[in-house]
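This structure is a prediction, so every number in the text was calculated from the model and none was measured.
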Amino acid sequence: MERRTRVRFAPSPTGPLHMGGVRTALYNYLYAKQRGGDFILRIEDTDSHRFVPGAEEYIIEALSWCGIRPDEGVDEQGKVVSERSEKHPHAPYRQSERKPIYRQYAEQLVKGGYAYYAFDSAEELAAMRAEMEGKGQTFIYNYATRGQLRNSLTLSEEECARLLEEKNDWTIRFKMPENRVVAMDDMIRGHVEVNTNTLDDKVLWKKADCLPTYHLANIVDDHLMEISEVIRGEEWLPSLPLHYLLYEAFGWQDSMPRFAHLSLLLKPDGKGKLSKRDGDKMGFPVFPLKWVNPEGEVSRGYREDGYFPEAFVNLLAMLGWNPGDERELFSLEELVEAFSIERIVKSGARFNPDKAKWYNKEYLRKRDDESLCEDFMPILAEKGVQADKDYVLRVVKLIKERATFVQDFWSIASYLFVAPTDYAEKDVAKFWKEENYSLALQVADFISSYDKALIKEEFEVAVEEFIRSREWPMGKVMNCLRLALVGASSGLGIADIVCLIGLEEFSRRVAAAKATLC
């Protein structure tokens with residue numbers, strides 16, 4: 001019987017979710033949905049010292065904004081599930097609520113000879129490290145050094161029992177086998193082999209807080225939650241040999257998931273991992289949503305910067321994956337259909353802020369005018385503008401091709417709602433010369449007396465014919481008129497503006513410009 005596809009996204013609530021983390025969640029989601037499987041959200045909060053209030057809620061809200069909805073782990077109210085139910089059979093999905101589970105598995109490894117109790121204090125380990133460094137050697141807690149340290153491999157049973165009872169800072173470490181080659185297969189990187197002599201005896205469980213480390217909790221939960229594939233960032237690739245050996249130690253080889261390690265998101269110059277500092281320095285967000293840390297520092301988010309979630313998701317999908325053809329625009333449903341692990345690249349994916357804007361511009365163009373109007377109305381209200389919805393809709397239809405974000409509508413066409421109160425000095429000096437504006441004012445008189453319906457195409461022809469028949473310079477005349485209407489020489493065509501604001505408002509603006517500039 002074919003194994004059901006079950007993948008998980010397992011972030012730690014130690015801060016905001018980086019866009020690289022969202023990409024990992026997205027690839028997991030696409031992989032599961034394409035195979036009719038399950039996408040599970042699990043919160044890995046075993047590192048209590050790094051827990052940040054609000055981070056868990058941020059993760060859930062960010063995924064929801066992107067349309068990445070877990071099949072298990074989060075309820076309809078957006079809360080991580082703690083109680084088991086038919087829909088959430090593997091609850092709780094927060095690792096801190098699964099504490100009793102991990103101790104028994106850690107002890108099972110000790111009994112089987114795959115792990116041991118370690119009683120070394122931080123000070124003792126630091127002294128050992130300094131001693132070896134003084135000899136020009138590197139300290140690794142493994143087969144070469146464990147026999148010189150305080151652990152259940154070197155101490156008597158009686159001494160171990162006493163220390164287990166008295167000490168509160170002992171750990172359980174994995175006993176890494178000596179000089180063994182671990183052969184592994186990665187769905188993206190292919191066959192990988194690592195010699196265990198290069199690896200250390202990782203801590204699996206800590207008495208101090210009765211919590212497991214990532215390695216033990218990760219393996220146990222993936223097994224109990226019947227995870228079929230683990231798709232995660234390449235920073236976990238060095239941990240893969242340990243995870244293989246843990247599955248072997250538990251006797252779970254037959255149910256071990258397949259692994260895929262995703263490449264990093266790189267800075268725009270391709271040199272190093274994309275970080276918040278890069279975004280701050282270059283003026284783009286690296287988080288899906290705005291984040292305010294406990295100290296009050298604000299980090300920008302794609303949502304608050306005006307990106308559509310569909311554009312953000314499409315952008316992320318193409319950072320490290322390609323469909324094998326020239327297509328660049330995909331809905332989430334189309335991504336599900338097209339996605340394949342085989343087309344994920346091994347090398348890092350360079351982030352291009354301009355490409356992110358391009359995606360948003362494309363999605364803005366695809367968006368229906370009614371929706372864009374609804375998005376723009378609150379911005380107008382913030383500017384103190386009360387505008388008729390039909391009028392706003394006409395404006396949106398006219399200017400959407402010029403915009404990248406909805407908030408651009410105001411900077412592009414504020415003059416369609418509010419008359420200019422000042423005029424660009426450079427444009428005034430260049431265009432508002434007597435030989436130009438004297439002609440422009442005559443054209444204005446013609447427009448003000450226009451007695452037909454304002455049908456753009458007909459009106460535009462009439463104005464052009466009026467100017468051309470007199471052999472007046474079209475560009476200079478039009479720039480003068482635009483200065484009067486817009487406050488600058490750039491903007492929509494005169495016919496478009498007049499047909500929107502009307503003849504009365506046109507005449508008022510020309511009169512105001514004449515009074516100010518002449």
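- Side-chain contact between Pro268 and Met282: present, with at least one pair of heavy atoms (C-beta onward) separated by less than 4.5 Å.
- Environment of NZ in Lys206: crowded, with over 12 heavy atoms of neighbouring residues, nucleotides or ligands closer than 6.0 Å.
- Considering only heavy atoms from C-beta on, Leu289 stays 4.5 Å or farther from Pro16 through its side chain.
- No side-chain heavy atom of Val74 sits under 4.5 Å from any side-chain heavy atom of Val81.
- Without hydrogens or angle criteria, Thr198 side chain to Val194 main chain gives no donor-acceptor distance under 3.5 Å.
- A side-chain donor from one of Tyr102 and Asp221 sits under 3.5 Å from a side-chain acceptor of the other.
- Panel note: side chain Asp200, backbone Ile140; no donor-acceptor pair is recorded below 3.5 Å.
- The minimum heavy-atom distance between His191 and Ala183, with the atom names listed, is CE1-CB, 3.7 Å.
- Defined by atom type and a distance below 3.5 Å, a donor-acceptor pair is missing between the side-chain atoms of Ser411 and Asp408.
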Residue pair Leu335, Tyr27: steps toward the side chain to side chain contact (heavy atoms under 4.5 Å, CB included) verdict
CA-CA 10 Å; Leu335 284 170; Tyr27 285 179; over 6 Å; no

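- In this structure, Gly270 and Leu266 approach most closely via the heavy-atom pair O-CD1, 3.8 Å.
- Judged by distance alone, the side chain of Gln34 and the main-chain N or O of Glu337 form a donor-acceptor pair under 3.5 Å.
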Side chain to side chain contact (heavy atoms under 4.5 Å, CB included) between Val220 and His223, worked out
CA-CA 5 Å; Val220 169; His223 174 72; 5.9 Å; no

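- Between the CG atom in Leu204 and the CG atom in Leu246 there is a gap of 6.0 Å [rounded to 0.5 Å].
- With a 6.0 Å cutoff to the six-membered ring centre and a 45° limit on the axis angle, Arg35 counts as a cation-pi contact of Tyr31.
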Take Lys87 and Asp71 through the test salt bridge (charged side-chain N to carboxylate O under 4.0 Å, His left out) and record every step on the way to the result.
CA-CA 8 Å; Lys87 187 176 180 183; Asp71 299 293; over 6 Å; no

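- Heavy atoms from other residues, nucleotides or ligands lying under 6.0 Å from NZ of Lys276 number more than 12.
- The two atoms that bring His261 and Glu234 nearest to each other are CB-CA, 4.1 Å, heavy atoms only.
- One finds the CG atom of Asp38 at 12.5 Å from the CG atom of Asn28 (value rounded to the nearest 0.5 Å).
- Between the side chain of Asp368 and the backbone N or O of Glu370 there is at least one donor-acceptor pair closer than 3.5 Å.
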Candidate pair Asp325 and Arg327, rule salt bridge (charged side-chain N to carboxylate O under 4.0 Å, His left out), full reasoning
CA-CA 6 Å; Asp325 53 37; Arg327 288 179 297 166; 3.0 Å; yes

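- Residues Cys66 and Val22 share a closest heavy-atom pair of SG-CG1, 3.9 Å.
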Might you work through the salt bridge (charged side-chain N to carboxylate O under 4.0 Å, His left out) test for Glu107 and Arg103, ending with a clear yes or no?
CA-CA 6 Å; Glu107 297 288 359; Arg103 173 74 183 270; 2.8 Å; yes

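- If you check the side chains of Ser96 and Asp45, you find a donor sitting under 3.5 Å from an acceptor.
- Distance CG/Asn322 to CD/Glu328: 10.5 Å, rounded to 0.5 Å.
- Atom-to-atom distance recorded for Lys273:NZ and Leu265:CG is 8.5 Å, nearest 0.5 angstrom.
- Between Trp321 and Phe330, the ring planes lie perpendicular to each other; the angle is over 60°, past the 30° to 60° tilted range.
- Checking each of Glu226, His90, Glu229 against Arg6 for a side-chain hydrogen bond (donor to acceptor under 3.5 Å, both in side chains) leaves exactly one that passes, namely His90.
- Aromatic pair Phe351/Phe284: centroids less than 6.0 angstrom apart.
- Relative orientation of the Phe259 and His243 rings is tilted, given thresholds of 30° and 60° on the angle between their planes.
- Closest approach of Glu97 and Pro92 over heavy atoms only: OE1-CB, 3.3 Å.
- Looking at Asp186, its side chain never comes within 3.5 Å of a backbone N or O of Gly190 through a donor-acceptor pair.
- Enclosure of atom NZ in Lys33 by more than 12 non-hydrogen atoms of other residues, nucleotides or ligands within 6.0 angstrom is indicated.
- Ring-centre distance between Tyr302 and Phe287: not below the 6.0 Å cut-off.
- Of the possible donor and acceptor atoms, none in the side chain of Thr5 sits under 3.5 Å from a partner among the backbone N and O of Gly37.
- A pairwise comparison of heavy atoms in Ile59 and Pro13 identifies CD1-CA, 4.2 Å as the closest pair.
- The one candidate from Glu83, Glu56, Glu44 that meets the salt bridge (Lys or Arg N to Asp or Glu O under 4.0 Å) condition with Arg94 is Glu56.
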Step by step, would you call Asp47 with Leu211 a side chain to side chain contact (heavy atoms under 4.5 Å, CB included)?
CA-CA 8 Å; Asp47 191 344; Leu211 282 172; over 6 Å; no

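- Within the 3.5 Å criterion, the main-chain N or O of Asn179 finds a donor-acceptor partner in the side chain of Asn197.
- Cys373 is listed as a side-chain neighbour of Lys389, based on a closest heavy-atom distance under 4.5 Å.
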Report the C-alpha distance between Lys346 and Leu262 in whole Å, list the side-chain angles of each, state the deciding distance to 0.1 Å, and finish with yes or no for side chain to side chain contact (heavy atoms under 4.5 Å, CB included).
CA-CA 7 Å; Lys346 298 177 186 178; Leu262 307 172; over 6 Å; no

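- A cation-pi arrangement, defined by a distance under 6.0 Å to the six-membered ring centre and an angle within 45 degrees of its axis, is present between Lys355 and Tyr359.
- A donor-acceptor contact closer than 3.5 angstrom is absent between the side chains of Asp427 and Asn479.
- The structure places CG of Leu364 at 6.5 Å from NZ of Lys400, a figure rounded to the nearest 0.5 Å.
- Under the 6.0 Å distance and 45° angle rule, Lys456 does not count as a cation-pi partner of Phe459.
- Between Ser12 and Arg50, the side chains place no donor N or O within less than 3.5 Å of an acceptor N or O (distance only, hydrogens not considered).
- Environment of NZ in Lys202: sparse, with no more than 12 heavy atoms of neighbouring residues, nucleotides or ligands closer than 6.0 Å.
- The ring of Phe250 has its center no closer than 6.0 angstrom to the ring center of Tyr114.
- Between Trp65 and Phe312, the two ring planes are tilted [angle within 30° to 60°].
- In this pair, Phe376 and Phe409 present their aromatic rings perpendicular. The plane angle is above 60°, beyond the 30 to 60° band.
- Atoms CZ and CG, on Phe174 and Asn142 in that order, are 12.5 Å from each other to the nearest 0.5 Å.
- Looking only at distances, no side-chain donor or acceptor of Arg23 sits under 3.5 Å from a matching main-chain atom of Leu316.
- No hydrogens or angles considered: a donor-acceptor pair under 3.5 Å links the side chains of Ser275 and Asp278.
- For the pair Leu329 and Tyr363, the minimum side-chain heavy-atom distance is below 4.5 Å.
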